[in-house]
Amino acid sequence: MAGVTATSLRPSETELGRKRRARRIGRLLTETHPDAHCELDHANPLELAVATILSAQCTDKRVNEVTPKLFARYPTAADYAGADRTELEELIRPTGFFRNKTDSLIKLGRALVERYDGQVPGRLADLVTLPGIGRKTANVILGNAFDVPGITVDTHFQRLVRRWGWTTETDPVKIEHAIGALFEKRDWTMLSHRIIFHGRRVCHARKPACGACTLAALCPSYGTGPTEPAVAVKLLKGPRARDLAAAAGVDPGLVPTQAVVAEVP
């Protein structure tokens with residue numbers, strides 16, 4: 001069912017009905033993932049911008065292992081602008097695609113120094129003009145460093161909102177606008193975190209834990225993954241895997257230890 005469209009899943013659902021169902025799912029996500037937050041460690045907008053660039057094709061955990069030394073070595077935009085390429089490449093090598101990322105970081109530092117007095121701007125229109133920063137990254141920075149509501153359309157977000165039948169759009173910008181219309185603007189940033197948390201811990205790309213999901217009754221894609229609770233519960237991931245099982249009405253004792261310590265994707 002993963003490839004079917006929202007319209008074929010809910011042919012009789014009105015726009016109002018979809019909005020109400022979306023908001024019910026939103027409330028359940030709030031209860032399911034009270035710990036949802038930006039998983040990239042940072043102390044200021046520049047650090048978040050750098051960490052988000054490094055997170056491309058890399059887990060947040062790996063980025064967080066690299067950034068303490070990186071942030072200590074390059075605390076300002078000017079430091080990135082004047083960085084020794086070889087040294088910077090070596091520091092960020094574990095995140096993958098390190099040559100391209102090094103290029104982006106040096107160019108970002110130069111653009112910030114030349115155009116914004118070394119400071120990361122707090123407007124979407126400005127952020128998307130910077131090297132290495134697209135709309136998704138800009139929304140991450142706005143929502144988490146400037147408290148400006150934004151929707152982060154990453155791969156998890158795209159997968160889940162289509163599975164839930166919230167939109168049939170495939171273009172990230174169109175998805176952003178479609179989901180934005182279903183929720184109050186003030187909720188956008190935290191909604192993004194909760195959806196991404198759910199995608200990483202429960203609703204996986206290949207085998208979602210349908211039988212151990214708190215959203216099962218509201219999800220038109222229920223059955224994409226195993227529905228037998230004893231099987232599905234083993235697919236939960238993360239330190240709160242047993243809490244997630246309990247919230248879905250499944251015996252948390254069925255969650256294997258390896259699921260609790262598993263690295264979320």
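The figures here come from the full heavy-atom set of this structure, side chains too, leaving out hydrogens, waters and symmetry mates.
The two residues Tyr80 and Leu105 make their nearest non-hydrogen contact at CB-O, 3.6 Å. Heavy-atom minimum distance, Thr189 versus Val148: OG1-O, 3.9 Å. Shortest non-hydrogen contact noted between Pro208 and Cys203 is CB-CA, 3.9 Å. The minimum heavy-atom distance between Cys38 and Leu48, with the atom names listed, is SG-CD1, 4.0 Å. Ile133 and Ala138 make their closest contact through CG2-N, 3.8 Å (heavy atoms, listed as atom of the first residue, atom of the second, distance). When all heavy atoms of Cys210 and Ala232 are compared, the pair lying nearest together is N-CB, 4.3 Å.
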Practice item. Decide yes or no on ring pair (Phe, Tyr, Trp, His ring centres under 6.0 Å) for Phe183 and Trp166, but give the supporting numbers first. Key: CA-CA 11 Å; Phe183 292 89; Trp166 288 3; 5.3 Å; yes

Check your understanding: Which is it for Thr32 and Thr214 under the side-chain hydrogen bond (donor to acceptor under 3.5 Å, both in side chains) test, yes or no, and what are the steps along the way?
Key -> CA-CA 7 Å; Thr32 304; Thr214 56; 2.8 Å; yes

Practice item. Show the numbers, then the answer: is there a side chain to side chain contact (heavy atoms under 4.5 Å, CB included) between Ser221 and Trp164? Key: CA-CA 7 Å; Ser221 295; Trp164 295 334; over 6 Å; no

Exercise for review: With side chain to side chain contact (heavy atoms under 4.5 Å, CB included) as the test, would you mind laying out the steps for Arg73 and Glu87 before giving the verdict?
Suggested key: CA-CA 10 Å; Arg73 178 68 182 84; Glu87 180 185 14; 2.8 Å; yes

Practice item. Please report the C-alpha distance between Leu28 and Ile25 in whole Å, then the side-chain angles of each, then the deciding distance to 0.1 Å, and finally whether the side chain to side chain contact (heavy atoms under 4.5 Å, CB included) criterion is met. Key: CA-CA 5 Å; Leu28 281 172; Ile25 289 176; 5.5 Å; no

Exercise for review: Applying side-chain hydrogen bond (donor to acceptor under 3.5 Å, both in side chains), run through Thr129 and Arg115 and close with a yes or a no.
Suggested key: CA-CA 11 Å; Thr129 68; Arg115 291 155 47 192; 2.5 Å; yes

**Study point:** Candidate pair Asn144 and His42, rule side-chain hydrogen bond (donor to acceptor under 3.5 Å, both in side chains), full reasoning
**Key:** CA-CA 10 Å; Asn144 298 283; His42 65 280; over 6 Å; no

Practice item. Evaluate the criterion side chain to side chain contact (heavy atoms under 4.5 Å, CB included) for residue pair Phe146 and Val120; output intermediate values, then yes/no. Key: CA-CA 10 Å; Phe146 292 101; Val120 176; 4.3 Å; yes

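Side-chain N or O atoms of Asp41 include none that pairs as donor or acceptor with a backbone N or O of Asn64 at under 3.5 Å. The closest donor-acceptor contact from the side chain of Lys234 to the backbone of Ala209 lies at 3.5 Å or more, if one exists at all. No donor-acceptor pair under 3.5 Å is formed between the side chain of Lys185 and the backbone N or O of Gly180. A donor-acceptor pair under 3.5 Å is absent between the side-chain atoms of His177 and the main chain of Ile175, judged by distance alone. With Arg21 contributing its side chain and Leu218 its backbone, the two residues share a donor-acceptor pair below 3.5 Å. With hydrogens and angles disregarded, a donor-acceptor distance shorter than 3.5 Å links the side chain of Arg162 to the backbone of Glu169. Not one N or O on the side chain of Ser55 forms a donor-acceptor pair closer than 3.5 Å with the backbone of Cys58. Under the 3.5 Å distance criterion, the side-chain polar atoms of Thr167 are left unmatched by any main-chain donor or acceptor of Ala178. Side-chain N or O atoms of Asn139 include one that pairs as donor or acceptor with a backbone N or O of Ile151 at under 3.5 Å. A side-chain donor-acceptor contact under 3.5 Å links Arg242 to the backbone of Val255.
The number of heavy-atom neighbours closer than 6.0 Å to CG of Asp147, taken from other residues, nucleotides and ligands shown, is 12 or below. Applying the 6.0 Å contact sphere to CZ of Arg135 captures more than 12 heavy atoms from other residues, nucleotides or ligands. Atom CZ of Arg85 has more than 12 neighbouring heavy atoms from other residues, nucleotides or ligands inside a 6.0 Å radius. In Glu65, the CD atom is crowded: over 12 heavy atoms of neighbouring residues, nucleotides or ligands sit closer than 6.0 Å. Heavy atoms from other residues, nucleotides or ligands lying under 6.0 Å from CZ of Phe97 number 12 at most.
Taking 4.5 Å as the limit, some side-chain heavy atom of Arg27 sits within range of a side-chain heavy atom of Arg23. By the 4.5 Å heavy-atom criterion applied to side chains, Asp79 and Phe71 are not counted as neighbours. Two residues are said to be in side-chain contact when any heavy atoms from C-beta on lie closer than 4.5 Å; Leu130 and Pro121 meet this criterion. Taking 4.5 Å as the limit, some side-chain heavy atom of Tyr116 sits within range of a side-chain heavy atom of Asp126. The shortest side-chain heavy-atom distance between Leu46 and Leu112 falls under the 4.5 Å cut-off. Between Thr137 and Val128 there is no side-chain heavy-atom pair separated by less than 4.5 Å. Side-chain contact between Lys136 and Val153: absent, with no pair of heavy atoms (C-beta onward) separated by less than 4.5 Å. Side-chain contact between Glu228 and Pro226 is absent, with no heavy atoms from C-beta onward closer than 4.5 Å.
A donor atom on one side chain and an acceptor atom on the other are not found under 3.5 Å apart for Thr67 and Glu47.
Both the sub-6.0 Å distance and the 45° axial angle are satisfied by Arg201 relative to the ring of Phe197.
Leu108 and Ile92 fall within the same hydrophobic cluster, defined by Ile, Leu, Val, Met, Phe, Trp and Tyr side-chain heavy atoms under 4.5 Å apart, directly or through other members. Following chains of ILVMFWY side-chain contacts shorter than 4.5 Å, one cannot reach Leu191 starting from Leu40, and the two form parts of different hydrophobic clusters. In the hydrophobic clustering of this structure, Ile196 does not group with Leu29; members are Ile, Leu, Val, Met, Phe, Trp, Tyr whose side-chain heavy atoms approach within less than 4.5 Å, directly or through other members.
A salt bridge links Asp103 with Lys107: the distance from a Lys NZ or Arg NE/NH1/NH2 to an Asp or Glu carboxylate oxygen falls below 4.0 Å.
His33 pairs in a side chain to side chain donor-acceptor pair (under 3.5 Å) with only one of the listed residues (Arg194, Arg240, His198, Arg200), which is His198.
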